[in-house]
S.K.: 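If you scroll down you'll find the structure; I have some questions about it.
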Protein chains: 2
Amino acid sequence: MLDRPATRSRKETRAAVMEGLLRSKGAFRQAIAHDSRLTEASVSRILTELRSAGLIDESRIPAPYFGGPTALVSLRKDICVAGIELSNGRLSFGVGDLGCALDYVERMPVPARLAQADFERMARVSFAEMIAWADQRGRVIRQIALSLPGFSQSDTNPIFPWDMTRLRDFLADLVKPYPLALTNSVIAQAAFHRYCASDVYPVSGDHLFLFVAHGVAGVVVHESAPIETFNPFELGHMVIERGGALCRCGHRGCLEAYTSLQAISPVIGLPAGDILRGGDQFVATAQQTPEQRATLRDRLFLLGMGIGNALNLQPLPAVVISGWPSLIPEADRCAILDGLNETLLGGYRADRLPLHFIAPSIGNDPRAAMAYAAYSFVSTGGQDAAPRLSEIA
Amino acid sequence: MLDRPATRSRKETRAAVMEGLLRSKGAFRQAIAHDSRLTEASVSRILTELRSAGLIDESRIPAPYFGGPTALVSLRKDICVAGIELSNGRLSFGVGDLGCALDYVERMPVPARLAQADFERMARVSFAEMIAWADQRGRVIRQIALSLPGFSQSDTNPIFPWDMTRLRDFLADLVKPYPLALTNSVIAQAAFHRYCASDVYPVSGDHLFLFVAHGVAGVVVHESAPIETFNPFELGHMVIERGGALCRCGHRGCLEAYTSLQAISPVIGLPAGDILRGGDQFVATAQQTPEQRATLRDRLFLLGMGIGNALNLQPLPAVVISGWPSLIPEADRCAILDGLNETLLGGYRADRLPLHFIAPSIGNDPRAAMAYAAYSFVSTGGQDAAPRLSEIA
DNA sequence: CTCTATCTTTACACAGTGTAATTATTGTGC
DNA sequence: GCACAATAATTACACTGTGTAAAGATAGAG
């Protein structure tokens with residue numbers, strides 16, 4: 001849109017360069033200049049700043065061609081971020097570097113309806129342990145991120161009906177003096193896919209990302225937009241069957257009442273908590289009765305309807321689905337396409353709407369939150385989070 | 001979000017100042033500085049530029065208080081824009097100033113399914129007439145806007161299934177050398193309400209704007225966002241009744257199949273084209289049978305469901321509805337609330353979601369397109385559109 | 001007609017970045 | 001091992017946009 005990019009503040013430019021490095025996991029100056037829309041002269045200035053701030057590494061490598069570049073610029077591996085994640089029945093704490101390494105992790109099972117007071121109690125203990133671990137090793141946590149299912153700026157969380165003011169106060173007190181970013185689980189997953197698992201992610205352009213688990217959460221991924229601007233939404237509470245099945249939200253006919261883990265648990269014949277645990281193995285549909293398989297297909301059809309309705313409001317060229325549908329054999333999974341075909345304006349056509357299934361990122365927690373922390377850190381240009389220990393040195 | 005506003009290009013700054021003047025219809029320097037986030041010194045510089053470009057008027061008025069300002073700054077009334085609008089069964093051409101005055105207008109009835117070739121034929125003639133009118137009076141059209149129902153950047157128009165490349169080529173050739181902006185009817189209406197009828201508009205913050213006529217179109221109005229970034233969507237093709245009534249799009253159960261003008265025409269007992277024509281008078285429901293009224297209420301209930309589903313994906317603090325539901329007595333209209341209550345997560349509560357009905361802006365055409373043209377003009381900072389006639393003088 | 005409160009403009013400084021000239025780096029050929 | 005060449009990386013300079021602060025203009029009060 002911008003004919004000539006408007007000048008940015010130094011912080012914004014640093015953030016742009018660092019964000020590019022986070023995405024690419026190391027780049028030559030030419031590529032940096034291109035990605036961040038700067039001249040190489042400006043890149044040089046910015047890198048000089050980042051170098052003296054101890055934020056980048058310049059590893060000498062043999063030149064790729066005659067006279068070519070020899071310094072591969074990357075974010076320093078010893079920059080440390082932490083993630084806290086509440087998802088899929090677990091509360092997880094983790095510490096690692098900007099490259100998604102997980103050097104410390106603690107995971108605890110929590111009930112599906114975790115009370116705010118219980119969360120606070122657990123968080124207080126585990127957070128202290130995590131900080132103690134980092135302090136013992138002299139590792140300075142530069143940014144912390146907490147991801148919550150259902151979180152949004154509007155502070156009305158359908159998953160965890162907590163008092164958000166109280167939560168913010170609690171967290172501010174808890175993490176002080178560390179900078180904290182609060183975000184939605186789906187956005188954190190988007191950050192994970194963008195910054196940590198970008199090489200295995202099936203789509204590169206704009207798309208709809210859906211996570212089907214206890215709820216049906218979605219986010220519109222705009223490739224060029226900053227992750228923090230993404231609008232997460234709960235597709236699960238779209239009413240697709242007037243007067244239909246009772247949902248935990250009190251309404252009837254919500255998508256979630258048909259397609260959440262709880263709803264399909266009896267159909268698949270596994271406890272809700274175990275369905276995703278199996279890793280990226282296919283759910284064994286062979287042992288299901290034809291009736292059960294038909295039911296499963298109908299549920300997937302409804303999911304397709306919900307996706308189609310969502311895409312009618314927000315047309316997008318691709319869809320990525322994570323969660324239990326990814327574990328279903330394709331023969332059954334394609335019921336989603338039928339649902340899409342009956343709702344998506346103009347009908348579903350595989351060539352116009354690529355549909356990708358990726359393994360539910362269970363067992364990765366809290367790496368999604370850590371990826372968001374890494375993003376938050378680079379977004380500040382590495383300036384807000386003062387390295388407290390190194391100040392002493 | 002921005003701690004300190006990043007510096008803008010001069011064009012952007014000019015655009016910001018002019019956009020503020022278009023919204024406020026005249027302001028003192030203090031207010032301009034505040035609205036456009038500039039110091040008064042910078043405002044002075046920008047106004048000096050705009051003055052020498054012949055874009056603003058500074059009317060001397062008595063100071064409102066001791067030592068107060070005496071120059072009210074406003075956009076010049078003789079700046080001329082044109083709008084072309086295709087909506088509600090009419091193709092309209094209009095010329096006027098930035099203040100929404102309508103100095104020239106031609107309106108022609110068109111069939112609901114206007115063929116692209118027919119549009120081209122009519123447009124060619126009417127456009128020439130409009131230009132002739134302006135030329136005779138020495139009025140220089142600085143910007144033209146065309147608004148189309150269903151238009152979107154994705155170039156898949158469910159209302160007018162035209163070849164968009166052909167349309168763009170046709171228009172580029174037709175309007176040459178005038179600058180042309182192409183937009184969606186709902187966005188044009190949003191521009192109309194923001195810039196021309198802002199004083200009678202019921203909401204000032206972010207909200208969902210819906211227009212229920214031949215289709216059910218919506219747009220999310222972000223108060224602080226530029227209008228061109230708005231994403232219009234066709235709510236009408238959300239499937240709310242699986243296997244329900246057949247819609248013109250080929251699917252079953254679309255909202256439009258229940259709530260479009262065509263769908264309610266037999267219920268109200270008026271031809272579809274006449275329902276909105278009556279102005280802002282209530283549709284006489286007294287002469288309807290109880291069965292008809294019940295049907296109407298059910299249709300409004302479905303509309304409420306569609307709105308609730310849309311708001312679940314994109315939570316917003318208010319809704320504004322324009323179109324035929326605004327003409328229905330409140331006793332029946334409130335069926336929308338019931339539909340909302342059964343879909344909106346957390347249920348409908350009047351204090352949390354103000355719902356406003358405004359008269360369908362029929363008979364205003366093409367003022368919405370002209371408002372968008374005015375917006376497009378100020379967005380360029382008044383620089384792209386060269387005043388051709390005055391160059392001679 | 002002068003004074004004064006306030007608006008309005010102008011002079012100056014500074015941040016950010018592109019252009020172009022300068023300096024550094026490293027593999028190649030002898 | 002050394003000069004050369006090809007390209008990378010840095011630096012000097014200029015320009016844009018805007019804030020600060022001082023100077024200038026305006027109009028009502030007395």
Side-chain angles (χ1 to χ4, degrees), chain A residues 2-18 20-21 26-53 56-74 381-383, chain B residues 2-21 26-53 56-74 380-383:
Chain A
L2 291 166
D3 24 13
R4 272 164 221 166
T7 57
R8 295 167 278 200
S9 71
R10 209 39 164 277
K11 182 182 154 182
E12 288 172 309
T13 308
R14 285 174 61 148
V17 170
M18 291 179 74
L21 290 175
F28 295 114
R29 284 167 142 82
Q30 262 192 340
I32 296 171
H34 180 264
D35 291 346
S36 50
R37 294 166 165 268
L38 286 169
T39 58
E40 291 186 42
S42 295
V43 169
S44 179
R45 277 186 291 259
I46 302 296
L47 291 184
T48 303
E49 277 190 28
L50 296 180
R51 193 185 305 126
S52 64
I56 54 168
D57 262 337
E58 284 159 292
S59 53
R60 304 217 86 75
I61 61 146
Y65 51 90
F66 189 23
T70 55
L72 184 71
V73 182
S74 56
Q383 292 179 301
Chain B
L2 292 167
D3 25 12
R4 271 165 222 165
T7 55
R8 295 167 280 200
S9 72
R10 209 38 163 277
K11 182 182 155 182
E12 288 172 310
T13 309
R14 284 173 62 149
V17 169
M18 291 179 75
E19 203 265 352
L21 291 174
F28 295 113
R29 285 168 142 80
Q30 263 191 340
I32 296 171
H34 179 265
D35 291 348
S36 50
R37 294 165 168 269
L38 286 168
T39 58
E40 291 187 42
S42 294
V43 170
S44 179
R45 276 186 290 259
I46 302 296
L47 291 185
T48 304
E49 277 189 29
L50 296 180
R51 193 185 305 125
S52 65
I56 53 168
D57 263 335
E58 284 159 294
S59 53
R60 304 217 86 76
I61 61 144
Y65 51 89
F66 188 21
T70 54
L72 184 71
V73 183
S74 57
T380 67
Q383 292 178 302

S.K.: In this structure, how many angstroms lie between the P atom of D:dT11 and the CZ atom of A:Arg29, rounded?
M.R.: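 Distance, rounded to whole Å: 11 Å.
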S.K.: Rounded to whole Å, how long is the line connecting atom CG of B:Leu47 with atom P of C:dT9?
M.R.: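 Result: 7 Å.
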S.K.: Quick one, B:Arg14 and B:Thr380 - any side-chain contact, counting heavy atoms below 4.5 Å?
M.R.: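 The answer is no, as the side chains (C-beta and beyond) never meet within the 4.5 Å cut-off.
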S.K.: Polar-atom pairs under 3.5 Å, protein N or O versus N or O of nucleotides 21-29 of chain D: list them with distances, or write none.
M.R.:
| from | atom 1 | to | atom 2 | distance (Å) |
| --- | --- | --- | --- | --- |
| D:dA27 | OP1 | B:Arg60 | NE | 3.4 |

S.K.: What is the nucleic acid contact for B:Gln30, judged by heavy atoms within less than 4.0 Å: base, sugar-phosphate only, or nothing?
M.R.: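 B:Gln30: backbone/sugar contact only, no base atoms under 4.0 Å.
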S.K.: Given atom NE2 of A:His34 and atom P of C:dG18, what is their separation to the nearest angstrom?
M.R.: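 Rounded to the whole Å, the gap is 14 Å.
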S.K.: Using the side-chain contact (heavy atoms from CB on, under 4.5 Å) criterion, which residues pair with B:Ala15? Sequence neighbours excluded.
M.R.: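 Expected list: none.
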S.K.: Show the distances under 3.5 angstrom between N or O atoms of the protein and N or O atoms of nucleotides 16-18 of chain D.
M.R.:
| from | atom 1 | to | atom 2 | distance (Å) |
| --- | --- | --- | --- | --- |
| D:dG17 | OP1 | B:Arg10 | N | 2.9 |
| D:dG17 | O3' | B:Arg8 | O | 2.9 |
| D:dT18 | OP1 | B:Thr13 | OG1 | 2.7 |
| D:dT18 | OP2 | B:Thr13 | OG1 | 3.3 |

S.K.: Mind calculating the distance between CD (A:Glu58) and P (C:dA24) to the nearest angstrom?
M.R.: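 Atom CD in A:Glu58 sits about 17 Å away from atom P in C:dA24.
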S.K.: Show the nearest heavy-atom pair for residues A:Arg8 and A:Thr13, with the distance to one decimal.
M.R.: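 That would be CB-OG1, 3.5 Å.
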S.K.: How many angstroms lie between atom CD1 of B:Ile46 and atom CD1 of B:Ile56, to the nearest 0.5 angstrom?
M.R.: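 Between atom CD1 of B:Ile46 and atom CD1 of B:Ile56 there are 10.5 Å.
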S.K.: Just list the side-chain donor-acceptor pairs under 3.5 Å for residues 59-69 of chain B, sequence neighbours left out, or say none.
M.R.:
| from | atom 1 | to | atom 2 | distance (Å) |
| --- | --- | --- | --- | --- |
| B:Ser59 | OG | B:Leu72 | O | 3.4 |
| B:Arg60 | NH2 | B:Thr70 | OG1 | 3.3 |

S.K.: Are any of A:Arg37's side-chain N or O atoms less than 4.0 Å away from OP1 or OP2 of C:dG16?
M.R.: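 For C:dG16, OP1/OP2 do not have a side-chain N/O of A:Arg37 under 4.0 Å.
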S.K.: Test: side chain to side chain donor-acceptor pair (under 3.5 Å). Region: residues 26-35 of chain A. Which pairs qualify, not counting sequence neighbours?
M.R.: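 Residue pairs with at least one partner in residues 26-35 of chain A: A:Arg29-A:Glu58.
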S.K.: My understanding is that only residues two or more places apart in sequence, or in another chain, count here; which of them pass side-chain contact (heavy atoms from CB on, under 4.5 Å) with B:Ser36?
M.R.: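 For B:Ser36, the residues satisfying side-chain contact (heavy atoms from CB on, under 4.5 Å) (neighbours in sequence not counted) are B:Ala16, B:Val17, B:Ile32, B:Leu38.
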S.K.: Determine the minimum heavy-atom distance between B:Glu40 and B:Ala33, stating which atoms define it.
M.R.: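 Closest heavy-atom pair between B:Glu40 and B:Ala33: CG-CB, 3.9 Å.
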